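Right, one structure below, let's go through it.
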Amino acid sequence: MHEVFEQSRKFFSLPVEEKAKSLRNENHRGYTPYLDETLDPANQSKGDCKEGYYIGPEAPKDAARASNCFYGANVWPSEDLLPGWRETMERYRAEATMVGYKLAGLIALSLNLEKDFFRKPGRMDHPIAVLRLLHYSGELSVPENGTFGCGAHSDWGLLTLLACDGTPGLQICQDKHARPQIWEDVPCIEGAFVVNLGDMLERWSNNLFKSTLHRVMTVGKERYSIALFMDPNFECLVECLETCISEDNPPRFPPITSGEYLLSRYQETHSQAPAALLNV
Ligand SMILES: O=C(O)CCC(=O)C(=O)O
Ligand SMILES: [Fe+2]
């Protein structure tokens, strides 16, 4: 994890012309500039004060899913410029995905399902497990002005493993429907993950597990974090589980495929033309 932070710092310290060479493509892979994403458009006056880098799964060329955007080729900075960068990121993504599977197993058991329920073919045997490096600017977030490190949102998939660099900023709201909302700081423990539950877990579990509303309020100091989003296979149909339906808790969400859900969320939150955000 230490090495991932080191390599992440190296990438974000590059001149913007270099970072622009890895600019995210239409498959959401690569560098995302400051303000590219707006996670809470209703309450933000401008985009999130963070830059990022998306790295996702790559299917073998002959696999049927290889033509799907979420399983396509990654974008990498040049090996000459950042030796070992790609290897560090690929290893971390693979290892963190295994941790994600372990947690998915515990969640399955708690819902009276078999431990490997989520990992079964068609669900998360080809998870859209996306690693995202994040770097927040030293700007101070001012909610009254609608400026945030990242706007309030819940993550979209099953769960997220979040590692932080020790700089405060992450906050959660335990009851997302309460007004006014109450925001609590999340302590950042070095070497530990913060685990956020995602919207697709909320849908699958018919609200028994609620997705975590969170945001980042930058404190006037740069901040680095590393997120690993564990999202189901593109084709996976996410529908309320039998074990989570009762007379008191009828199905609350219509079925939706993971891919459809993810595509609509990416569309809602990312700018149309990231190149326009770069001063090159
Ligand atoms: O940087 C963080 O601590 C949170 C990032 C986050 O919530 C996200 O990218 O979805
Ligand atoms: Fe998030």
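Everything quoted here is computed from the prediction, not taken from an experiment. When a ligand or atom number is given, it counts from 1 through the structure's own listing order.
With a 4.0 Å heavy-atom cut-off, ligand 1 is reached by the side chain of L162 but not by its N, CA, C or O. When heavy-atom distances to ligand 1 are checked against a 4.0 Å cut-off, S225 comes that close only through its side chain, counted from C-beta outward.
In this structure, the ring of Y261 has its center no less than 6.0 angstrom from the ring center of W156. The aromatic ring centroids of Y53 and W76 lie 6.0 Å or more from each other.
Between the Fe ion (ligand 2) and the N, O or S atoms of H153, the shortest distance is to NE2.
Remark: R215 fails to qualify as a cation-pi partner of F148 under the 6.0 Å distance and 45° angle criteria applied to the six-membered ring.
Within the 3.5 Å criterion, the main-chain N or O of H214 finds no donor-acceptor partner in the side chain of Q171.
Counting heavy atoms from C-beta outward, W183 and Q174 have side chains that stay 4.5 Å or more apart. Within the 4.5 Å cutoff, no side-chain heavy atoms of C150 are placed close to those of E37.
With respect to T160, the side-chain hydrogen bond (donor to acceptor under 3.5 Å, both in side chains) criterion is satisfied by exactly one of N196, T212, D231, D155: D155.
The angle subtended at the Fe ion (ligand 2) by NE2 of H214 and OD1 of D155 is 100°, given to the nearest 10°.
Those atoms of ligand 1 with a heavy atom of Y136 less than 4.0 angstrom away are 1 (O), 2 (C), 4 (C), 5 (C). For ligand 1 and L170, the ligand atoms under 4.0 Å from any heavy atom of the residue are 3 (O). Under a 4.0 Å criterion applied to the non-hydrogen atoms of F229, ligand 1 contributes the atoms 8 (C), 9 (O), 10 (O). Each of the following atoms of ligand 1 lies closer than 4.0 Å to a heavy atom of D155: 10 (O). The V216 neighbourhood of ligand 1 comprises atoms 1 (O), 2 (C), 3 (O), 4 (C), with distances under 4.0 Å to a heavy atom of that residue.
For atom 7 (O) of ligand 1, the closest non-hydrogen atom on the protein side is H214 NE2, 2.9 Å. Shortest contact from atom 8 (C) of ligand 1 to any protein heavy atom: H153 NE2, 3.7 Å. Shortest contact from atom 9 (O) of ligand 1 to any protein heavy atom: L134 CD1, 3.5 Å.
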Exercise for the section: Just do the salt bridge (charged side-chain N to carboxylate O under 4.0 Å, His left out) check on E51 and K19 with the steps written out, would you? Expected result: CA-CA 10 Å; E51 52 182 349; K19 292 191 273 194; 3.0 Å; yes

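Within the structure, ligand 1 has R223 among the residues with a heavy atom less than 4.0 angstrom away.
Using cut-offs of 30° and 60° on the angle between ring planes, the pair Y266 and F70 is tilted.
Distances from the Fe ion (ligand 2) show that C150 has no N/O/S atom below 2.8 Å.
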